[in-house]
There are 2 protein chains.
Amino acid sequence: MEREWNDNQPIYRQLRDRVVAMILDGVLKEGDPLPSVRNVAAEYRVNPLTVLKGYQQLVAEGLVESRRGRGMFINAGARSVLLQGERQKFLGEEWPRIQSAIQRLGLKVEELLNGSRPSSTAAPSKPAKSDPPEEES
Amino acid sequence: MEREWNDNQPIYRQLRDRVVAMILDGVLKEGDPLPSVRNVAAEYRVNPLTVLKGYQQLVAEGLVESRRGRGMFINAGARSVLLQGERQKFLGEEWPRIQSAIQRLGLKVEELLNGSRPSSTAAPSKPAKSDPPEEES
DNA sequence: CAGACTGTTATAGTAAACTATAACACTAGT
DNA sequence: ACTAGTGTTATAGTTTACTATAACAGTCTG
């Protein structure tokens, strides 16, 4: 299991993202309880407050309900709300940047999407001008 | 021009990434001077120290040489080194996560390839199991 | 009630990122 | 030499993320 925090994102946000992924993947279904704050904290060797903060993101998004003394539970409709929201965020904010990066690196989007491994020896020796960034003296 | 720092990344790293992008795009060629620390700081309304920190990342990577009193200059071979290194980083670290996200969101290859607006009404009602994250009580 | 589990709040400390202000060091043009 | 442009360092303060430790507040089971 992933006990590491590879990214450059704060842990509490990665935690939030993992729960979101679990909901989307159907590992956590609506009505299910989230693993308890203390358990997660112990399991991932992280401060309970950090876990709580991640969870409360989800509460703020309306995906999860917190019942004191009982636990935190996934709301009805969470998955579809998520599916729509995360899609929009991905297509609107992330994908454009990803596409730029791919092009900049001389990689083919189609190859990547089709899962074919690039040989990584074919490098464009000429820059592919497309969207010249700004610069000023 | 982009004067904003949309991301969740530290500014100095975004700064570094922008310069890298400019090198890859051929906007900045080998031997060229980088825009001066003070100018960038003023232009982007950011602290000179932050700019310097971003630039020094590039020095540490061997992409840029700093000459006191003159400026900072892009090293010979910077672009090809970059092309290889950034590719590896992208394919090894970023793309796998991106792929997971795409699959999780049930996005179609065509939607991604065309800049077309997703109709957002076709949502997979059944989770696409693939790589079940861990959970424990 | 007692005990064991939930979420939550309080207090306090560390580290990283960023900021403001200022000075130092070096190069080039006049 | 003077000046204006480079990079660089020093000092110090703010904010955010994370941590440790502890206590408070509910729920449920025995």
Side-chain angles (χ1 to χ4, degrees), chain A residues 2-19 22 28 30-75 78 135-137, chain B residues 2-19 22 28 30-75 78 135-137:
Chain A
E2 285 300 339
R3 206 182 305 264
E4 269 118 59
W5 308 105
N6 321 317
D7 307 357
N8 338 2
Q9 295 262 111
I11 291 180
Y12 77 91
R13 210 174 309 171
Q14 296 182 51
L15 222 25
R16 177 265 180 200
D17 288 342
R18 289 195 190 181
V19 174
M22 286 196 281
L28 287 177
E30 323 199 331
D32 282 358
L34 271 57
S36 92
V37 169
R38 283 180 177 82
N39 274 340
V40 174
E43 176 70 28
Y44 291 86
R45 326 201 64 186
V46 144
N47 195 297
L49 289 179
T50 304
V51 181
L52 182 65
K53 190 169 180 180
Y55 276 14
Q56 286 185 333
Q57 295 273 309
L58 297 164
V59 174
E61 294 177 66
L63 298 167
V64 154
E65 190 187 352
S66 165
R67 293 205 286 262
R68 198 173 190 139
R70 309 241 5 234
M72 308 197 53
F73 301 85
I74 300 179
N75 281 336
E135 68 177 337
E136 50 279 329
S137 59
Chain B
E2 285 300 337
R3 205 182 306 264
E4 270 117 59
W5 308 106
N6 322 316
D7 308 356
N8 338 3
Q9 295 261 111
I11 292 179
Y12 76 92
R13 210 174 307 170
Q14 297 180 49
L15 221 26
R16 177 265 181 201
D17 288 341
R18 289 195 190 182
V19 174
M22 286 196 279
L28 287 178
E30 323 199 332
D32 283 358
L34 270 58
S36 92
V37 169
R38 284 180 177 82
N39 274 338
V40 175
E43 178 69 29
Y44 292 86
R45 326 202 63 185
V46 144
N47 196 297
L49 289 178
T50 304
V51 181
L52 183 64
K53 190 168 181 181
Y55 276 14
Q56 286 186 333
Q57 296 272 309
L58 297 164
V59 175
E61 294 177 66
L63 298 167
V64 155
E65 190 187 353
S66 166
R67 294 205 286 261
R68 197 172 192 143
R70 308 237 10 228
M72 308 197 53
F73 301 84
I74 300 179
N75 281 335
E135 67 177 339
E136 49 280 329
S137 60

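Every chain is numbered from 1, with letters handed out A, B, ... down the list of sequences.
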Contact list for DNA chain C against residues 57-64 of chain A - heavy-atom distance below 4.0 Å: none

Base versus backbone protein contacts along nucleotides 17-26 of chain C [heavy-atom cut-off under 4.0 Å; B, S, -]: SSBB--B-BB

The criterion is side-chain hydrogen bond (donor to acceptor under 3.5 Å, both in side chains); which residues satisfy it with B/Gln9, sequence neighbours excluded? A/Asn8

How long is the straight-line distance from CG of B/Leu15 back to OH of B/Tyr44, given to the nearest 0.5 Å? 7.5 Å

In this structure, how many angstroms lie between the P atom of D/dA17 and the CG atom of A/Leu52, rounded? 14 Å

From CZ of A/Phe73 across to C1' of D/dT27 the rounded distance in Å is 10 Å

Please list all pairs passing the side chain to side chain donor-acceptor pair (under 3.5 Å) test where one or both residues lie in residues 46-57 of chain A, with sequence neighbours left out. none

Donor-acceptor pairs are to be reported for all side-chain atoms of residues 58-71 of chain B against protein atoms at under 3.5 Å, with residues two or more places apart or in another chain.
unit_1: B/Glu61; atom_1: OE1; unit_2: B/Arg16; atom_2: NH2; d: 2.8
unit_1: B/Glu61; atom_1: OE2; unit_2: B/Arg16; atom_2: NE; d: 2.9
unit_1: B/Glu61; atom_1: OE2; unit_2: B/Arg16; atom_2: NH2; d: 3.4

Partner of B/Leu34 under side chain to side chain contact (heavy atoms under 4.5 Å, CB included), picked from B/Asn39, B/Val51, B/Val19, B/Val40, is B/Val19

Should A/Gln56 be listed as having a side-chain N or O under 4.0 Å from OP1 or OP2 of C/dT8? yes

Within the structure, does a side-chain N or O atom of B/Ser66 lie under 4.0 Å from either OP1 or OP2 of D/dT8? yes

If you compare every side-chain N and O of B/Asn39 against the phosphate oxygens of D/dG5 (OP1, OP2), does one of them come in below 4.0 Å? no

Just verifying a value: how many Å separate A/Arg18 CZ and A/Trp5 CH2, rounded to the nearest 0.5 Å? 4.0 Å

Sequence-distant partners of A/Pro33, side-chain contact (heavy atoms from CB on, under 4.5 Å), two or more places apart: A/Phe73

Rounded to the Å, how far apart are A/Leu34 CG and C/dT6 P? 12 Å

To the nearest 0.5 Å, atom CE of B/Met22 lies from atom CD1 of B/Ile74 at 8.0 Å

